[in-house]
Amino acid sequence: MKSVLPILTVIAAILLFWVVCVVPMNIHLVADQAQRDELIVTPETPSARQDVSGVGLALRNTHLIPLTYNFVRPNLPSPHQVAGEMYNTIFGQKITSKRSLVYHGWVTLAPTLLGFLIGTSLGIFLAVGIVYSRVMDLSVMPWAIVSQTIPILALAPMVIVVLGSMGIQGLFPKSLISAYLSFFPVVVGMVKGLRSPDAMQLDLLRTYNASKSQGFWALRLPASAPYLFASLKIGISASLVGTIVAELPTGARAGFGARMLVGDQYGQPLVSWAALFAAAITAAALVGIFSLIERITLKRMGMAAT
Amino acid sequence: MKKMMMAAALAVGLGGTTAFADGHANTVTLQLQWVTQAQFAGYYVALDKGYYEAEGLDVTILAGGPDIAPPQVLAGGGADAMLNWMPSALAAREKGLPVVNIAQPFKTSGLMLTCWKDTGITSVADFKGKTIGVWFFGNEYPFLSWMSQEGISTDGGEDGVTVLKQGFNVDPLLNREADCISTMTYNEYGQVLDAGVNPDELVTFKYEEQGVATLEDGIYVLEENLDDPVFVDKMVRFVRASMAGWKYAEANPEEAAGIILDNDETGAQTEAAQVRMMGEIAKLTAGSNGALDPADYERTVATLLAGGSDPVISAAPEGAWTHAITDQALN
Amino acid sequence: MMATVAALLVWGAGWWLNVRLATGPHSDRPVVRALIPAIFGITVILVWELLVWAFEINPVILPAPSSIAERILVEGPRLWADFQQTIIKGAMTGYVFGGLAAFGVAILADRSDFLTRGILPVGSFMAALPIVGTAPIFVKWLGSDWESKAAVVAVMVFFPILVNTVAGLKDTSAMQRDLMRTYGAGYWPTLLKLRLPAAMPFIFNGLKIATTLALIGAIVAEFFGSPTVGMGFRISTSFGQLALDMVWAEIVIAALAGSGFYGAITLIEKRVTFWHPSQR
């Protein structure tokens with residue numbers, strides 16, 4: 001709770017910066033339009049204006065500054081425009097309507113959660129394998145790292161075409177791509193976590209004559225909990241990004257990614273910006289939920305969350 | 001492990017390619033070239049008004065998008081038929097994917113270059129030294145062909161054009177990053193006007209008027225499926241109903257736009273833009289009853305082959321189109 | 001059928017070889033440690049080649065590794081030009097700028113606990129902005145050339161490096177800081193001689209995470225507008241032209257570049273943080 005004031009201060013500072021930047025970013029387009037509307041603009045021709053910076057143009061045409069805040073096709077929408085669009089599409093529409101951001105949020109969230117589940121399970125499975133099998137450790141881990149350098153946007157269409165030819169469309173292909181992006185942080189975190197018990201603790205278990213499996217359930221798994229939660233938080237955010245990326249090769253039909261794309265394409269930047277912010281807020285909310293679960297779980301396990 | 005699973009999935013998937021494509025004698029899956037918009041009105045109208053149903057067909061329309069290559073979907077067996085521009089389809093044929101044109105609802109081309117008048121461009125020769133935005137993904141072929149025919153290099157510099165891979169909107173023109181951009185008469189040109197630009201601030205070059213137009217949206221299927229009489233019969237009914245849909249859409253643009261909006265899952269399309277699009281599309285489909293005119297085909301092939309140093313296709317294709325479906329459909 | 005059996009056999013052989021190497025007496029030698037993932041990779045490629053050939057998979061869907069290798073050899077100059085545009089001009093520039101910005105903000109935040117508590121949550125919100133949304137906006141602002149890609153990368157790498165640097169700067173113990181005070185060291189000498197070196201393991205952790213993000217960011221950003229050169233440009237246009245072997249050739253270069261970049265940072269990390277338990 002003591003973080004509220006600092007967060008608000010930083011947000012206020014960013015908002016201030018944003019509001020100031022709206023003017024130079026939009027002034028060129030506003031000037032072009034103003035000239036068509038028979039207002040006086042200095043300099044007079046668009047090509048001459050190209051050579052003047054945004055700030056310079058704004059200073060020479062101060063009567064145009066208010067217009068930059070309500071422009072229909074802004075390069076940088078003003079905060080109130082974005083907030084207005086978000087309000088309209090979240091609260092101003094029926095939740096089941098295609099024009100509602102809540103509907104699109106659900107379309108994106110469903111594969112995200114499924115993909116996150118798949119990615120986490122795969123990640124934990126791989127991590128256990130890497131920790132307990134030397135072969136897997138040496139052969140699979142480097143390739144897991146390499147897998148993250150492969151641009152998923154290049155692979156995604158192929159995955160979707162193959163799955164489409166098998167009749168699998170809709171939720172599952174998007175979840176697979178989402179899982180691809182979320183499994184790696186989980187692997188890395190769990191490997192670190194499963195290896196975190198120190199020599200003394202491992203020795204203690206040996207004096208108890210504990211088998212490998214008992215050692216896993218009694219010591220390694222609980223010890224990995226803080227690392228697991230850190231990875232889960234990165235993973236859920238990566239899952240959301242992955243789902244949005246996956247919406248491109250599946251026809252950009254619905255979901256946040258589709259809104260961002262179609263808004264950008266059809267000259268409706270506000271639609272794009274609203275979807276962008278809604279996606280980020282959703283990710284932040286998901287991470288927040290996991291933070292809460294983390295705090296409760298670790299408290300019950302007796303580990304203070306660092 | 002993941003690669004192994006992919007390989008297994010691939011094996012299963014590819015084994016079932018042709019089986020899936022004509023597995024059901026009455027189901028048709030159509031892969032569109034782009035997102036749901038009035039450019040595809042004929043098909044959505046046919047779906048909505050029950051023309052497909054009347055022919056006993058169960059049709060699924062798959063929207064396209066920026067990361068979808070319809071030929072690839074067709075190759076993977078995810079669709080029975082695809083929409084594609086002819087240059088892209090002929091290039092796919094050369095790449096080893098035998099697609100065949102079975103119908104051509106679009107008679108004329110809507111592709112044009114839109115330039116600012118104050119850049120001083122009045123004719124093609126003035127393109128030298130300018131920056132021009134071009135889409136790719138199959139839409140670059142007409143432009144590259146044209147430049148090659150005019151002898152203008154696309155590598156930039158004083159005597160050539162600097163090519164920009166245009167994103168999916170008209171911002172490069174509005175922000176004056178490009179002197180000219182590629183636009184469709186039915187979509188992006190209207191967007192430029194919507195952004196407040198007056199038509200007399202612009203200079204346009206329609207590919208049709210420049211004599212370098214190529215055929216656009218046509219219906220293509222895989223060659224091997226044409227040997228299957230069940231598939232052929234399905235396609236005949238499909239083309240018949242689709243053309244009925246097109247003619248209805250041409251005559252009733254507002255209603256067609258409304259149907260598009262109902263089918264638009266993103267909720268971001270606007271009625272005004274779709275009505276305008278439908279009006280312009282009607283000009284492109286007018287004059288076609290669905291059958292491909294061989295003269296138009298020959299002109300397209302000639303344009304593509306004339307692209308001197310960097311031809312889109314290296315040889316005149318054979319068997320790239322058929323009247324077998326339209327002959328039956330239009331009787 | 002035969003091909004599937006053959007593929008399973010190849011897979012089994014590779015696995016068996018790796019088991020022998022990993023559990024054998026020489027398993028700690030660097031040569032062996034490099035060989036094992038290499039064998040794993042080669043096995044995957046062999047199985048891939050076998051399956052593509054046996055099932056006659058259309059090259060328009062999945063090309064065989066042999067045709068990809070051929071494409072890499074033939075298109076060397078073009079791949080190199082793409083590499084320079086995307087990795088060097090786009091990704092590296094963005095990485096350096098984003099890293100420096102994150103570093104600067106972290107030092108600022110370090111001086112004030114108030115700022116730290118404010119910046120971290122807001123930073124995590126910025127990190128959650130999906131690239132599919134930010135890339136077109138940056139292209140609109142900065143044009144289609146490498147500058148917009150560098151901006152996208154800078155935004156993507158900012159938060160991981162920031163979070164890790166802040167965590168690292170907090171990592172010194174009270175005893176260590178007291179020692180510096182007994183030496184009469186002010187804020188800046190303490191920062192430079194104690195806290196920054198102590199923060200290095202965390203900073204490098206952040207830098208390593210940022211390398212893959214930088215690469216992906218630069219490539220994906222090119223999908224939304226670019227000049228006619230660049231890895232993202234080549235991938236997207238080759239995909240549209242159904243030249244899948246070129247797509248995979250670029251993917252291979254991306255994977256090599258990414259791994260190389262990651263490896264380079266790891267090497268520097270080994271030199272700089274030689275004293276840390278994880279390096280001993």
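Letters go in sequence order (proteins before strands), and every chain restarts at 1. Just so we're clear, the structure is a prediction, and the values are computed from it rather than from any experiment.
Note that CE of Met260(A) is 8.5 Å distant from CG of Leu129(C), once rounded to the nearest 0.5 Å. Atom CG in Leu138(A) sits 11.0 Å away from atom CD1 in Ile39(C) (nearest 0.5 Å). Rounding to the nearest 0.5 Å places CH2 of Trp248(C) at 6.5 Å from CD1 of Ile150(A). In this structure, CG in Leu155(A) is found 9.0 Å from CD1 in Ile235(C), a value given to the nearest 0.5 Å.
When each of Ser112(C), Gly133(C), Pro37(C), Ala128(C) is scored by its heavy-atom pairs under 4.5 Å with chain A, the top score falls to Pro37(C). The greatest number of non-hydrogen atom pairs below 4.5 Å with chain C, out of Phe277(A), Trp273(A), Phe256(A), is found for Trp273(A). Between chain C and the residues Val241(A), Asn75(A), Val188(A), the largest count of heavy-atom pairs under 4.5 Å involves Asn75(A). Among Leu76(A), Ile11(A), Val161(A), Ile14(A), the residue with the largest count of heavy-atom pairs under 4.5 Å with chain C is Leu76(A). Interface check for chain C: of the options Met136(A), Arg259(A), Gln148(A), Glu247(A), the most heavy-atom pairs under 4.5 Å are formed by Gln148(A). In terms of non-hydrogen atom pairs under 4.5 Å with chain A, the most contact-rich of Gly118(C), Gly258(C), Gly41(C) is Gly118(C).
Both the backbone and the side chain of Ile281(A) come within contact range of chain C, each with at least one heavy atom under 4.5 Å from a heavy atom of that chain. Within the 4.5 angstrom heavy-atom criterion, no atom of Ile234(A) approaches chain C. With a 4.5 Å cut-off on non-hydrogen atoms, Val122(C) touches chain A through its side chain but not through its backbone. Looking at Pro142(A), the atoms closer than 4.5 Å to chain C (heavy atoms on both sides) all sit in the side chain, from C-beta outward. If you measure heavy-atom distances from Leu213(C) to chain A, you find no contacts under 4.5 Å at all. For chain A, no part of Thr116(C) is nearby; none of its heavy atoms comes within less than 4.5 Å. With a threshold of 4.5 angstrom between heavy atoms, Phe261(C) does not approach chain A through any atom at all. Both the backbone and the side chain of Phe114(C) come within less than 4.5 Å of a heavy atom of chain A. Looking at Ser272(A), neither its backbone nor its side chain comes within 4.5 Å of chain C, counting heavy atoms on both sides. Both the backbone and the side chain of Ile119(C) come within less than 4.5 Å of a heavy atom in chain A.
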Practice task
Under the side chain to side chain contact (heavy atoms under 4.5 Å, CB included) rule, what do Met158(A) and Leu244(C) come out as? Steps first, then yes or no, please.
Solution key: CA-CA 10 Å; Met158(A) 289 176 236; Leu244(C) 274 266; 3.7 Å; yes

Exercise. After noting the C-alpha distance and the side-chain angles of Phe40(C) and Val135(A), does the key distance pass the side chain to side chain contact (heavy atoms under 4.5 Å, CB included) rule?
Worked result: CA-CA 10 Å; Phe40(C) 184 81; Val135(A) 180; over 6 Å; no

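Residues Ile251(C) and Ala154(A) share a closest heavy-atom pair of CD1-CB, 3.7 Å. Here the closest heavy-atom approach between residue Ala255(C) and residue Thr149(A) is recorded as CA-OG1, 3.2 Å.
Against chain A, the residues from residues 136-143 of chain C that qualify, each with a non-hydrogen atom under 4.5 angstrom away, are Pro136(C), Ile137(C), Lys140(C), Trp141(C) in number order. Using non-hydrogen atoms only and a strict 4.5 Å limit, the part of residues 13-22 of chain C facing chain A consists of Trp15(C), Asn18(C), Val19(C), Ala22(C).
Annotation: salt bridge (charged side-chain N to carboxylate O under 4.0 Å, His left out) contacts of Arg71(C) (sequence neighbours excluded): Glu75(C), Asp245(C). The salt bridge (charged side-chain N to carboxylate O under 4.0 Å, His left out) test applied to Arg253(A) returns no partner, not counting sequence neighbours.
Taking 4.5 Å as the limit, some side-chain heavy atom of Phe223(C) sits within range of a side-chain heavy atom of Leu153(A).
Screening Ile244(A), Asp264(A), Leu276(A) for a side chain to side chain contact (heavy atoms under 4.5 Å, CB included) involving Val132(C) leaves a single residue, Ile244(A).
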